[in-house]
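In what follows, a single structure is set out as structure tokens and then discussed.
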Amino acid sequence: DGDAVYITTTKEDNVILGPSVLTSVCISKTGNFTVTDEKRGRLFTYDSEGNLLYITGDQPGGTSTTAQGGLSNSIIKPIASDYLYRLNNDNVEEETVIVLDGSSKSIMLFETTEFGKAVNTATYLYQTGQIEDQISVDDNGNEIIVPGAESYWREVIRMNTNYELAYLGIGKALNRRGEYKEAMKYFELAHNAVYYSKAFSSYRDQVLNANFDLIMAVVCVVAAGYVVLKVTTYINKKNLENAKREEGGMSKWKEN
């Protein structure tokens, strides 16, 4: 969809109105995809499930003035994009998004920030089932900890405490481990009612199972008390009726 919220009418001059105009899409090796918005010169990156990961480019509701020239690194009219992979000095492959700008007739390269790398890694590890930290052994026989998706999501939160998708990812990891009460806290921070309800249901069942003997004992005591009360009430009522009948019989005998 691009911009979820946009301006449709305004009295101000040069304000760009209406929804995004998406012109191209490219897919990364990990399954994320980036679409370009020709209207406001922005890049929207999503994971394979369609969750918005981050936005690159001008701010929402940009103006036609900023789209005419501005900074040299501003995208004005993106018409094509692709992922480019290169080895850095440490021989590690790095991901870059290249964008063809139809206005400046140039190709712009956007390198992934540390925040973007953490988000991309957490997303990839979660989708491949590597959710929790794993213990591995190196070539020297030493144990090393290989971070899972949860660790990277926590790193994302350290950099941006308002990133709801990270809270959702941590909540899913906690829910998977059976830590339902803690998972509920993270699903609440993620404003995700669906997963919060699932965690709450599991937590409720967990509490009931853990206290089943106590609950049944209380139920049995209450039920037995209720039965005793009803029987006692019934007996007292019958005794009272019999006493009244006997009093009536004695009165008639005395009259006779």
Side-chain angles (χ1 to χ4, degrees), residues 1-4 20-60 62 71-134 136 144-170 172-173:
D1 293 333
D3 281 310
S20 301
V21 177
L22 307 180
T23 54
S24 70
V25 59
C26 56
I27 304 174
S28 72
K29 289 182 177 181
T30 59
N32 296 339
F33 60 96
T34 296
V35 294
T36 59
D37 175 17
E38 182 184 45
K39 179 169 285 190
R40 295 183 179 87
R42 310 176 74 200
L43 309 178
F44 296 86
T45 301
Y46 304 86
D47 65 14
S48 60
E49 296 179 353
N51 298 306
L52 178 63
L53 300 179
Y54 42 80
I55 304 172
T56 307
D58 202 358
Q59 296 298 312
L71 300 176
S72 59
N73 63 348
S74 296
I75 314 170
I76 300 174
K77 189 179 180 181
I79 57 176
S81 61
D82 200 0
Y83 280 96
L84 175 67
Y85 294 90
R86 300 177 295 178
L87 296 178
N88 59 19
N89 296 331
D90 298 325
N91 205 34
V92 176
E93 189 177 65
E94 291 188 341
E95 182 181 90
T96 303
V97 178
I98 59 176
V99 181
L100 175 61
D101 193 331
S103 178
S104 62
K105 304 297 189 294
S106 61
I107 295 177
M108 299 183 181
L109 280 70
F110 293 88
E111 295 181 351
T112 309
T113 63
E114 292 301 316
F115 174 80
K117 290 177 181 178
V119 170
N120 291 345
T121 304
T123 302
Y124 173 74
L125 290 175
Y126 179 80
Q127 292 174 346
T128 55
Q130 304 174 63
I131 300 174
E132 300 177 0
D133 295 348
Q134 302 292 328
S136 182
I144 57 175
I145 297 178
V146 180
E150 182 180 357
S151 294
Y152 281 98
W153 281 132
R154 293 187 183 278
E155 179 66 14
V156 170
I157 290 177
R158 187 187 65 79
M159 291 185 279
N160 183 358
T161 57
N162 295 320
Y163 198 76
E164 294 183 357
L165 198 59
Y167 290 110
L168 179 62
I170 296 173
K172 288 180 178 179

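Quantities reported herein were computed from a predicted structural model and do not represent experimental measurements.
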Over 12 foreign heavy atoms within 6.0 Å of [atom1], [X]:
| X | atom1 | value |
| --- | --- | --- |
| Tyr124 | OH | no |
| Ile144 | CD1 | yes |
| Ile27 | CD1 | no |
| Leu109 | CG | yes |

(request) Output, in order, the C-alpha distance, side-chain angles, deciding distance and verdict of salt bridge (Lys or Arg N to Asp or Glu O under 4.0 Å) for Lys39 and Asp3. (result) CA-CA 10 Å; Lys39 179 169 285 190; Asp3 281 310; over 6 Å; no

Taking the side chain as every heavy atom from C-beta outward, state whether [X] and [Y] have any atom pair closer than 4.5 Å.
| X | Y | result |
| --- | --- | --- |
| Phe33 | Thr45 | no |
| Arg154 | Ile170 | yes |
| Val35 | Tyr46 | yes |
| Thr112 | Asn120 | yes |
| Val99 | Leu43 | yes |
| Glu94 | Leu87 | no |
| Ile79 | Asp101 | no |
| Leu22 | Asp37 | yes |

For [X] and [Y], work out which heavy atoms get closest and say how close.
| X | Y | answer |
| --- | --- | --- |
| Tyr167 | Thr161 | OH-O, 2.7 Å |
| Pro78 | Thr23 | O-OG1, 2.9 Å |
| Met159 | Ala118 | CE-CB, 3.8 Å |
| Thr123 | Asn32 | CG2-OD1, 4.0 Å |
| Leu100 | Ile107 | CD1-CG1, 4.0 Å |
| Ser81 | Ser24 | OG-OG, 3.2 Å |

Q | Polar side-chain atom of Tyr85 near backbone of Ser28 as donor-acceptor pair, under 3.5 Å | A | no

Fill in: Check: Asp1 side chain, Ala4 main-chain N or O, donor-acceptor pair, under 3.5 Å
no

**Prompt:** Could you walk me through whether Asp47 and Gln127 pass the side-chain contact (heavy atoms from CB on, under 4.5 Å) check?
**Reply:** CA-CA 10 Å; Asp47 65 14; Gln127 292 174 346; 3.8 Å; yes

Any chance you could measure [X], atom [atom1], to [Y], atom [atom2], to the nearest 0.5 Å?
| X | Y | atom1 | atom2 | result |
| --- | --- | --- | --- | --- |
| Leu53 | Leu165 | CG | CG | 6.5 Å |
| Glu114 | Glu155 | CD | CD | 9.0 Å |
| Arg42 | Phe44 | CZ | CZ | 4.0 Å |
| Leu125 | Glu132 | CG | CD | 12.5 Å |

Check: Tyr163 ring centre within less than 6.0 Å of Phe115 ring centre: yes

Task: Pair Ser151, Asp133: side-chain N/O donor-acceptor within cut-off below 3.5 Å - done: yes

Establish, from distance only, whether the side-chain atoms of Tyr83 and Glu95 form a donor-acceptor pair under 3.5 Å. no

I'd like to know whether Leu168 forms a side-chain contact (heavy atoms from CB on, under 4.5 Å) with Glu164, so could you lay out the CA-CA distance, the side-chain angles of the two residues, the decisive distance to 0.1 Å, and finally the verdict. CA-CA 6 Å; Leu168 179 62; Glu164 294 183 357; over 6 Å; no

For residues 82-91, the salt bridge (Lys or Arg N to Asp or Glu O under 4.0 Å) pairs (sequence neighbours left out) are Arg86-Glu111

- Query: Between Lys29 and Glu93, is a side-chain contact (heavy atoms from CB on, under 4.5 Å) present by the stated rule, with each step listed?
  - Reply: CA-CA 11 Å; Lys29 289 182 177 181; Glu93 189 177 65; 2.8 Å; yes

